[in-house]
Amino acid sequence: MNAFSRNMLLALGVAGFGYFLWSIFVASRYQALCEISYWSATEAQLRACDEMRSSLPRN
């Protein structure tokens, strides 16, 4: 395996891990709170969900 292939695999792994972390902390929030998908929701739906989240009591 040459250096280019190794670097490409590393870059893909880092990108995949970054997406995994983003999905846990961002996309799943919209699914759990508003039952919408981050990818198919409109900007207005995302804003409404954020407003709903901000109105919830904090512990």
Residue pair Cys49 / Ile36: nearest heavy atoms and the distance that separates them
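Looks like CB-CD1, 4.4 Å.
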Applying the 4.5 Å side-chain criterion to the ILVMFWY set and letting contacts propagate, would Val14 and Leu21 be lumped into a single cluster?
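Cluster IDs for Val14 and Leu21 differ.
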Quick one: do Phe17 and Leu10 end up in the same hydrophobic cluster if we chain Ile, Leu, Val, Met, Phe, Trp and Tyr together by side-chain heavy atoms under 4.5 Å apart?
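They do not share one cluster, since no chain of ILVMFWY contacts under 4.5 Å joins Phe17 to Leu10.
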Could you tell me whether the side chain of Ser28 and the main chain of Ile24 form a donor-acceptor pair under 3.5 Å?
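Such a contact is found between Ser28 side chain and Ile24 backbone.
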Using the ring pair (Phe, Tyr, Trp, His ring centres under 6.0 Å) rule, collect all pairs that involve residues 39-59, keeping only residues at least two apart or in two chains.
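Applying ring pair (Phe, Tyr, Trp, His ring centres under 6.0 Å) to every pair that reaches into residues 39-59, excluding sequence neighbours, yields Trp22-Trp39.
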Compare all side-chain heavy atoms of Met8 with those of Asn2 and state whether any distance is below 4.5 angstrom.
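The answer is no; the side chains never approach within 4.5 Å.
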Look up atom [atom1] in [X] and atom [atom2] in [Y], then write down how far apart they are to the nearest 0.5 Å.
| X | Y | atom1 | atom2 | result |
| --- | --- | --- | --- | --- |
| Gln45 | Ser40 | CD | OG | 7.5 Å |
| Arg29 | Leu46 | CZ | CG | 9.0 Å |
| Met52 | Tyr30 | CE | OH | 11.5 Å |

Other than Leu12, what residues sit in its cluster of Ile, Leu, Val, Met, Phe, Trp and Tyr side chains whose heavy atoms are under 4.5 Å apart, directly or through others?
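Leu12 shares its hydrophobic cluster with no other residue.
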